[in-house]
Amino acid sequence: MSRSARDTCTARPRPLTLSHSWKAACICFAVLFSMPADAANPRLEFTPYLFETERHGTIDAEVAFLDVPRRRDQAEGPRMRLRVVRLPATGGDGRTAPVVYLAGGPGGSGVGTARGPRWAVFDQVRRETDVLLFDQRGTGLSEPPPPCPYVQRFDDSTPLGREDALAALSHTAARCITHWREKGVDLAAYTTAESADDLEDLRRALGVPRISLWGMSYGTHLALATIRRHGAGIERMVLLGTEGPDQTLKLPSTADALLADLAVVARNQGFEDLTGMTRRVLATLREEPARGRSLMDRGREVTLGVYDAQLAIAAALGRRSTQQMLPLALRDAEAGDYDLLATLVIAVREQLGEFKAMPLAMEVASGAGPQRRAMAEAQAETSLFGDALNFPFPMIGDELGLVELGDAFRAPLQSDVPVLFVSGMFDGRTPPANAEALLPGFGNGVHVLVRGASHDDELWLGNPEVAAHVAGFIAGRRVLDTALDVPPPTMARGKLGLLMQTMGIGRGVVLAAIGLLVAVVLIVWVLLRKWRQNGLIRASFRRG
C-alpha cells in the first residue's frame, strides 16, 4: 500500500495531538476535493510487481498504467498508456508527498534508471516516502514510437565537414519524420508541455493533493515546465544537473571554461597544458586530416578532420568516463597517434546519424529563445569548439515542420515551491551556471555544488551526503547551500590503463590478478617438474 497523503484518511486510527488532527483533517479535505469526478481521470490500479535491479536483487514493488490523451487539444482523440512503477515507502511518517522520478535524455526510462548503479539513492529516498518511477511518454514501456529505418552513415574515408554533415542529417531526419507519420505517429504529442500535463494527470489518479518531483538533466527541464503549468500540485522539487526552460541550447563558452578546469586536474596528474594541446591538435587537423584506428569496432579506420575533433572533444567533456580519456587522446594525437581520438570520433558519428521520434520532437519543441540563440552563435565565433557543443541543433529543427512551444514556454520562472538544485562542477552538459541563473526566481531554492562531479554517476554516488540531502529535502528537512567533494577524475596514463578504467578494474584488482597469475604459473611449474621427475623414475624402472 502507498504511504501517501491519501492513506492518512484510510489508515488505522492512532493517537494524534490537536495540531496533528487539524493537519490530517485538512489533508483529507484536500484529497476528497482533488479526486477526479469523472471516468476521464480514473484511479491508478496498482498490481504487485517484482522490480529487478542489476546489482541489488529483486524488490517488491507495484506497477500501473496511466491513461492520458495523446494530445490535450484533441480530448476525444487517441489515448496513450504510460507505465508507473511504485517503490512503496519503507519508512517515514506517512505524510510526506510521494515523489515522482523523471529521467533525462530526453528519452531515458525512469524505471531503467533505478535498476542500475543509482539504485542506492532510490533506496534511501524510499525510506521517507513512496517513489514513483515514471516512464515518460515515448520512453521505456510507455508506448515508444517505432525506430526509424533510415540511419545516416558517414564515409570513414572522408573527414566530416559541417555543412555537408548538416545537410545529410537534415535529409535523414526528414525521411524519418515522413516514415513516422506514415506509421501513424503524431509527433506533436511529444512535447515537454504534454508530458507536464501527464504529471498533473498522474497526481489526480493517485488521489493526492500534491506530489514532489525529482529529475535528472532533461527530467529537470520537465519538472520546471510542470511547476509553471501545475505549481499548486507540487510539494517540492529536487533537480540534479539542471536544464532550465531556456537552457536546452548550451552555451559554447561553458565548454571552454570546463576544458580549462580539467586542465588543472590533468596538470596535477602529469599532463601539461590540456587547453594548449587541444588548440594545437585542432590547428594541425585544420591544415591536414589524419587517420586513426578505433580501439573498438575491430580496428575500424577513419579519416578525421577539425570538425570531427571539435565534435568529439566537446562531447567528451560532458562525462567523467570520457573526460578521463581526453588528455591521453590529445597527447597521443600530438605525437601522431590518432587512434584514441578516432575512437571518440566514430562514437560521435554513430550517435549523430540515428534519430528517435521522442527525443527529436522534444528537443525541437523546447527550442531556444532569440536571445539565447544569439548568445550561443556569438560565443561559437570565439570558442575552440565553434557550434559543435549543440550540433546539429538548433539548425536542424528549423526546416522539419515540428511543433515549437514558443517564448512563453521558455520565459523566466518564479515560484515559492522549495527546490533543491544539485550541480556537478565538472558537468559539461548542465553546468552549475544553469542552476545559478534560475535561483533568483525561487525564494525557497537551495544549491548544493558537488566539486569534482560531472554529468555522470558520481554526481549521485560520489559523496554519500548527496543522497542524504536528496532524501532529507524530499522529507521536508532543512538543507542549506553547501559544497560537497568527490575525487576528481583519474586521467588514463596509457591505453592499458584506459581499458582497465573502462572495465571498472582498479589497481587493487590488477595486483590481485597479477598475484593469482604468478601463483598459477608457480603451481604449473611445480607440477611439470614433478611430472618430469616421475617420468624419469618410470623410465629407469623400464630400463632395469
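Bear in mind that the values here come from a model prediction, so they are computed numbers and not experimental data.
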Does a side chain donor of either T490 or Q269 reach within less than 3.5 Å of an acceptor in the other side chain?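 There is no such pair between these side chains.
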With distance as the sole criterion, is a donor-acceptor pair present between the side chains of H455 and D427 under 3.5 Å?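 Side-chain D/A pair, H455 to D427: present.
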Kindly write out the residues that satisfy side chain to side chain contact (heavy atoms under 4.5 Å, CB included) with A174, not counting sequence neighbours, or none if the list is empty.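 L400.
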List the residues meeting side chain to side chain contact (heavy atoms under 4.5 Å, CB included) with E143, not counting sequence neighbours, and say none if there are none.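 With neighbours one apart ignored, the set is M80, R81.
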Any donor-acceptor pair under 3.5 Å linking the side chain of [X] with the backbone of [Y]?
{"X": "D339", "Y": "S294", "answer": "no"}
{"X": "Q323", "Y": "L317", "answer": "yes"}
{"X": "R228", "Y": "A411", "answer": "yes"}
{"X": "D308", "Y": "L160", "answer": "yes"}
{"X": "D186", "Y": "A188", "answer": "yes"}
{"X": "R320", "Y": "G452", "answer": "yes"}
{"X": "R137", "Y": "A189", "answer": "yes"}
{"X": "N390", "Y": "K250", "answer": "yes"}
{"X": "D246", "Y": "G369", "answer": "yes"}
{"X": "T242", "Y": "N434", "answer": "no"}

Begin from the C-alpha positions of T248 and E363 and carry the test side chain to side chain donor-acceptor pair (under 3.5 Å) through to its verdict. CA-CA 8 Å; T248 298; E363 191 92 11; 5.8 Å; no
From CA spacing to verdict: side-chain contact (heavy atoms from CB on, under 4.5 Å), V265, D261: CA-CA 7 Å; V265 177; D261 289 340; over 6 Å; no
Quick one: which of I313, D456, L344 gives a side-chain contact (heavy atoms from CB on, under 4.5 Å) with T322?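 Going through I313, D456, L344 one by one, the side-chain contact (heavy atoms from CB on, under 4.5 Å) with T322 is satisfied by L344 alone.
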With heavy-atom distances below 4.5 Å as the criterion, would you say the side chains of [X] and [Y] are in contact?
{"X": "L413", "Y": "F442", "answer": "yes"}
{"X": "T220", "Y": "T430", "answer": "no"}
{"X": "S142", "Y": "Q136", "answer": "no"}
{"X": "L239", "Y": "L438", "answer": "no"}
{"X": "V84", "Y": "V100", "answer": "no"}
{"X": "V281", "Y": "L285", "answer": "yes"}
{"X": "P159", "Y": "L304", "answer": "no"}
{"X": "D197", "Y": "V68", "answer": "no"}

Closest approach of [X] to [Y] (non-hydrogen atoms, all atoms of both residues):
{"X": "D457", "Y": "P117", "answer": "OD2-CG, 3.5 Å"}
{"X": "G140", "Y": "D135", "answer": "CA-OD2, 3.4 Å"}
{"X": "G397", "Y": "V364", "answer": "CA-CG2, 3.9 Å"}
{"X": "L420", "Y": "V479", "answer": "CD1-CG1, 4.2 Å"}
{"X": "G241", "Y": "L459", "answer": "N-CD2, 4.2 Å"}
{"X": "S454", "Y": "G318", "answer": "CB-O, 3.7 Å"}

Report the C-alpha distance between L295 and L340 in whole Å, list the side-chain angles of each, state the deciding distance to 0.1 Å, and finish with yes or no for side-chain contact (heavy atoms from CB on, under 4.5 Å). CA-CA 7 Å; L295 300 184; L340 191 48; 3.7 Å; yes
Looking at residues at least two apart in the chain, or sitting in another chain, which of them share a side chain to side chain donor-acceptor pair (under 3.5 Å) with S212?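 S212 satisfies side chain to side chain donor-acceptor pair (under 3.5 Å) with no residue once adjacent residues are dropped.
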Sequence-distant partners of R451, side chain to side chain donor-acceptor pair (under 3.5 Å), two or more places apart: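 With sequence neighbours excluded, R451 shows a side chain to side chain donor-acceptor pair (under 3.5 Å) to D485, given in chain and number order.
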Could you give the distance from [atom1] ([X]) to [atom2] ([Y]), rounded to the nearest 0.5 Å?
{"X": "E301", "Y": "I346", "atom1": "CD", "atom2": "CD1", "value": "9.0 Å"}
{"X": "Q247", "Y": "R410", "atom1": "CD", "atom2": "CZ", "value": "12.5 Å"}
{"X": "R291", "Y": "D156", "atom1": "CZ", "atom2": "CG", "value": "8.0 Å"}
{"X": "R118", "Y": "L461", "atom1": "CZ", "atom2": "CG", "value": "7.5 Å"}
{"X": "E399", "Y": "S170", "atom1": "CD", "atom2": "OG", "value": "8.0 Å"}
{"X": "T254", "Y": "Q379", "atom1": "OG1", "atom2": "CD", "value": "7.5 Å"}

Please determine whether side-chain contact (heavy atoms from CB on, under 4.5 Å) holds for the pair S415 and M237, giving the CA-CA distance in whole Å, both sets of side-chain angles, and the decisive distance to 0.1 Å. CA-CA 11 Å; S415 173; M237 291 202 310; over 6 Å; no
Which pairs pass salt bridge (Lys or Arg N to Asp or Glu O under 4.0 Å) with one or both residues in [range], sequence neighbours excluded?
{"range": "residues 159-184", "value": "R162-D387"}
{"range": "residues 213-222", "value": "none"}
{"range": "residues 264-280", "value": "R267-E272, D273-R280, R280-E334"}

ring-ring contact (aromatic ring centres under 6.0 Å, His included) contacts in which one or both residues fall within residues 145-164, not counting sequence neighbours: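 Residue pairs with at least one partner in residues 145-164: there are none.
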Determine which pairs satisfy ring-ring contact (aromatic ring centres under 6.0 Å, His included) with at least one residue from residues 381-415, sequence neighbours left out, and list them in order.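 Listed by first then second residue: H221-F409, Y307-F391.
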What pairs of residues pass the side chain to side chain donor-acceptor pair (under 3.5 Å) test when at least one of them lies in residues 368-377, not counting sequence neighbours?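 The answer is R373-D398.
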For Y101, ring pair (Phe, Tyr, Trp, His ring centres under 6.0 Å) partners two or more places apart: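 Residues passing ring pair (Phe, Tyr, Trp, His ring centres under 6.0 Å) with Y101: F122, W214, W460.
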R493 and F271: CA distance, side-chain angles, deciding distance, side-chain contact (heavy atoms from CB on, under 4.5 Å) verdict: CA-CA 9 Å; R493 306 286 301 176; F271 292 92; 3.7 Å; yes
Whether over 12 other heavy atoms sit under 6.0 Å from R83 CZ: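 Yes, because the 6.0 Å sphere around CZ of R83 holds more than 12 heavy atoms from other groups.
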Give me each pair satisfying disulfide (SG to SG under 2.5 Å) with a member in residues 144-178, each pair once, sequence neighbours excluded.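 For residues 144-178, and leaving out neighbouring residues, the disulfide (SG to SG under 2.5 Å) pairs sorted by first residue read C148-C176.
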Check E54 with R115, please: is the shortest side-chain N to carboxylate O separation under 4.0 Å?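 A salt bridge is absent here (no side-chain N lies under 4.0 Å from a carboxylate O).
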